[in-house]
Amino acid sequence: MIFTLMNKAKQTLPAMDYLQVFKLDKVSSNGSFLQCLTHTQEIPPFEETVFLVLPEDQIITTKIFVIDDGDHHTFLLASEY
């Protein structure tokens with residue numbers, strides 16, 4: 001899903017920041033829980049949020065940083081950055 005969001009952003013933005021941020025949260029909607037995934041970057045400003053239907057025990061709450069140097073993608077949890 002993260003690569004799908006990054007590829008979509010590459011197609012719509014004039015430029016991609018080298019640092020992409022993905023925030024994963026658990027949200028409640030109509031008595032059930034959803035995985036909320038928010039993709040952001042600073043320059044140029046960009047934010048997109050998608051919601052996924054997952055079993056409650058599979059929903060993750062964390063932040064992932066993706067560093068894109070053009071040749072490689074490095075994924076880091078917020079605790080590792």
_Could you report the tightest heavy-atom contact between Thr62 and Leu77, atom names first, then the distance?_
OG1-CD2, 4.0 Å
*Gap separating the CG atom of Leu37 from the CD1 atom of Ile60, nearest 0.5 angstrom*: 9.5 Å
_Taking atom CG as the centre, does Asn30 end up with more than 12 heavy-atom neighbours from other residues, nucleotides or ligands that are less than 6.0 angstrom away?_
no
*asked:* Once salt bridge (Lys or Arg N to Asp or Glu O under 4.0 Å) is applied, do any residues pair with Glu48, and if so which ones, sequence neighbours excluded?
replied: Lys8
*Does a side-chain heavy-atom distance below 4.5 Å link His73 with Met6?*
yes
*Are Leu54 and Leu34 close enough that some pair of their side-chain heavy atoms sits under 4.5 Å apart?*
no
*For the pair His39 and Phe46, name the ring-plane relationship: parallel under 30°, tilted 30 to 60°, perpendicular over 60°.*
perpendicular
*Reported CD-to-OH distance for the pair Glu42 and Tyr18, which is rounded to 0.5 angstrom*: 8.0 Å
*Between Thr38 and Glu47, is any pair of side-chain heavy atoms under 4.5 Å apart?*
yes
*State, yes or no, whether a side-chain contact exists between Phe22 and Leu5 at a heavy-atom distance under 4.5 Å.*
yes
*asked:* Has Gln41 got a side-chain atom pairing as donor or acceptor with Pro44's backbone, closer than 3.5 angstrom?
replied: yes
*Residues in salt bridge (Lys or Arg N to Asp or Glu O under 4.0 Å) with Lys26, at least two apart?*
Glu56
_Using only atom types and a distance under 3.5 Å, with no angle test, would you say the side chain of Asp17 pairs donor to acceptor with the backbone of Ile43?_
yes
*Is there a chain of hydrophobic side chains (I, L, V, M, F, W, Y, each step under 4.5 Å between heavy atoms) that links Val27 to Val53?*
yes
*Atom of Asp71, atom of Asp69 and distance for their closest heavy-atom approach*: N-OD1, 2.8 Å
*Taking NZ, NE, NH1 and NH2 as the nitrogens, is one of them in Lys63 or Asp25 under 4.0 Å from a carboxylate oxygen of the other?*
no
*Do the side chain of Gln35 and the main chain of Leu24 share a donor and acceptor less than 3.5 angstrom apart?*
no
*At their closest point, which heavy atom of Phe65 faces which heavy atom of Ala78, and how far apart are they?*
CE1-CA, 3.6 Å
